[in-house]
Number of protein chains: 2
Amino acid sequence: MEGNSVAMKGREIILGILKNGPHTGYEINDILQTRLNHFFDATFGMIYPTLKKLEAEGLVTKQQVTQTDKPNKNIYQITDTGMTVFQKALREPTSDDILKSDVLMRLYFSEDLADNDICTFLDEEIRRKSDKLAALQAQLQTWLDQGMTETQRITFDYGVASYNATLAVLKAARSKYNI
Amino acid sequence: MEGNSVAMKGREIILGILKNGPHTGYEINDILQTRLNHFFDATFGMIYPTLKKLEAEGLVTKQQVTQTDKPNKNIYQITDTGMTVFQKALREPTSDDILKSDVLMRLYFSEDLADNDICTFLDEEIRRKSDKLAALQAQLQTWLDQGMTETQRITFDYGVASYNATLAVLKAARSKYNI
DNA sequence: CAATACATGTAAGTGGTTACATGATTAG
DNA sequence: CTAATCATGTAACCACTTACATGTATTG
């Protein structure tokens, strides 16, 4: 039906982040939540087990750091093997993106719903997307200061454009209801 | 961290399609691939087992139809219990949408990639999105003729807007490379 | 005095995906 | 002769998700 390419998964994505310097699981989550949030979802429940597996496979190494004022932490660093694995994955053919929108699904099926309910859905989504757009835009300057590649800029612009375009449709739809 | 709402899954989505009339698994796939394609991914490997579970739970009933010119088929119809389950799910609080973009991921990490490789990624994605946009727009008239609700129109407009906005960013990025 | 930032992990579950298996008819 | 349309299913796998468990220091 489609090509047999396989998307980069948590494994490769964590390797990619580690490629630019050693990090803790907590920091990896932070990067994922702020800069990649509009095209990837991360949870600690995925990050820590993946880091453990990566270490067992020899793709990363762990360094334990004892801290007195804060909890102890584990700093992970990518190995040469890890680097090779990542570089190979990066060059595979790309695969289709995957979008699952619960709100669009509700709208699709909402013919027997009251206008009031539909407006609640729309309002919720407008709020959510506005917040995400604001969060993304808020850290552009920091990102630029810390070093943003040209291709990372594309991912940023993509996010902003996507949020703006979909927000416009959502708001236009919302304005047709007198509630 | 976030609300505890749970998105509608394959189960509820199939019930939703069956709510508007009986269908075979094959037809359900068709609807999903054409009208909901931009916000939901369906495969036969998910549809048939789900239909089986739904039948076991008494939410749908199966009617076997023997055909001579084509393979036999099973027509599924929603039951009253199925209807109740669906209507309840529809009224739950909505949850965040989920986007996983392999291409944006590659772009994010592509600093050590040659311009040539980046262009390949961009071209692939432009092609894919153009095709999907064309496919979506191509069946607007059929959809309107067969009966499109106002809220379904929102999901259509959302798709078109999203494709157009992201295509614009992709094309602008592509035009910066002289390849 | 509550929330947030810092920090790491496990166990159980699940909602799928991928690959395989089968096969007739029709259109180009 | 090839591809597409019609049509249904299973088995194995797996990458996560959800929920739980634990704790300090700082900020408002």
Side-chain angles (χ1 to χ4, degrees), chain A residues 1-15 22-34 40-57 60 62-76 89 95-96 98-100 102 105, chain B residues 1-15 22-34 40-57 60 62-76 89 95-96 98-100 102 105:
Chain A
M1 199 181 254
E2 304 246 312
N4 58 346
S5 54
V6 176
M8 297 211 297
K9 308 248 163 71
R11 209 179 121 88
E12 291 82 30
I13 291 156
I14 289 178
L15 285 178
H23 287 292
T24 65
Y26 193 84
E27 287 166 355
I28 291 171
N29 178 65
D30 208 57
I31 294 169
L32 257 14
Q33 299 295 339
T34 53
F40 188 74
D41 292 282
T43 55
F44 284 124
M46 167 252 156
I47 295 168
Y48 290 120
T50 303
L51 245 11
K52 205 180 173 182
K53 270 179 232 156
L54 250 19
E55 199 200 354
E57 293 176 70
V60 304
K62 177 169 76 176
Q63 190 206 341
Q64 283 167 305
V65 177
T66 311
Q67 296 185 124
T68 46
D69 54 331
K70 289 175 197 171
N72 296 339
K73 60 183 179 183
N74 304 324
I75 301 176
Y76 291 90
S95 54
D96 254 356
I98 296 166
L99 172 61
K100 306 214 185 239
D102 192 41
M105 196 58 81
Chain B
M1 200 181 253
E2 304 246 312
N4 58 346
S5 53
V6 176
M8 297 211 298
K9 308 250 162 69
R11 206 180 123 88
E12 291 82 30
I13 291 157
I14 289 179
L15 285 177
H23 287 290
T24 64
Y26 193 84
E27 287 166 354
I28 290 171
N29 179 65
D30 209 58
I31 294 169
L32 256 16
Q33 300 294 340
T34 53
F40 188 74
D41 292 283
T43 55
F44 285 124
M46 168 252 157
I47 295 168
Y48 291 119
T50 302
L51 245 11
K52 204 181 174 184
K53 271 179 231 156
L54 251 17
E55 198 200 355
E57 293 176 72
V60 305
K62 177 169 77 177
Q63 191 206 339
Q64 283 166 305
V65 177
T66 310
Q67 297 184 122
T68 45
D69 53 331
K70 289 176 199 170
N72 296 339
K73 59 183 179 183
N74 303 324
I75 300 176
Y76 290 90
S95 53
D96 255 356
I98 295 166
L99 171 62
K100 304 212 186 243
D102 192 40
M105 196 59 80

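Numbers restart at 1 for each chain; the letters A, B, ... are given by sequence-line order, proteins then strands.
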Item to check | Base-contact (B) and sugar-phosphate-only (S) positions in nucleotides 3-9 of chain D, heavy-atom cut-off under 4.0 Å, - elsewhere | outcome: --SBBBB

Item to check | Gap between atoms CG and P, on L54(A) and dC16(D) respectively (whole Å) | outcome: 12 Å

Next on the checklist: Between D102(B) and M8(A) (side chain of the first, backbone of the second, donor and acceptor by atom type, cut-off under 3.5 Å), is there such a pair?
Outcome noted: yes

Item to check | Short side-chain to backbone donor-acceptor contact, E12(A) and K9(A), under 3.5 Å | outcome: yes

So which protein N/O to nucleotides 26-28 of chain D N/O distances come out below 3.5 Å?
none

Next on the checklist: Five pairs per end, C1' atoms only: what is the angle between the end axes of the helix from dC1(C)-dG28(D) to dG28(C)-dC1(D), to 10 degrees?
Outcome noted: 70°

Checklist entry - What is the distance from CE of M46(B) to C1' of dC20(C), rounded to the nearest Å? => result 20 Å

Next on the checklist: Tell me every residue that passes ring pair (Phe, Tyr, Trp, His ring centres under 6.0 Å) with Y48(B), counting only those two or more places apart in sequence or in another chain.
Outcome noted: F44(B)

Next on the checklist: Expressed as a whole number of angstroms, how long is the span from I98(A):CD1 to dT18(C):P?
Outcome noted: 8 Å

Next on the checklist: From CD1 of I28(A) over to C1' of dT8(C), roughly how many Å is that when rounded to an integer?
Outcome noted: 12 Å

Checklist entry - Can you name the side chain to side chain contact (heavy atoms under 4.5 Å, CB included) partners of N72(B), sequence neighbours left out? => result T66(B), Q67(B)

Checklist entry - Within this structure, what is the CG-to-P distance between N29(A) and dA5(C), rounded to whole angstrom? => result 12 Å

Next on the checklist: Measuring from the side chain of T43(B) (C-beta onward, heavy atoms only), which nucleotide among dT17(C), dT17(D), dA15(D) has the closest atom?
Outcome noted: dT17(C)

Checklist outcome for this item: To the nearest angstrom, the CD-C1' distance between Q33(A) and dC6(C) comes to 15 Å

Checklist entry - With sequence neighbours excluded, what pairs up with T24(B) under the side chain to side chain contact (heavy atoms under 4.5 Å, CB included) test? => result Y26(B), E27(B), K73(B), I75(B)

Checklist entry - Under 3.5 Å, is there a donor-acceptor pair between the side chain of Q33(A) and the main chain of A42(A)? => result yes

Checklist outcome for this item: Rounded to whole Å, the CD1-C1' distance (I47(A) to dA7(C)) equals 12 Å

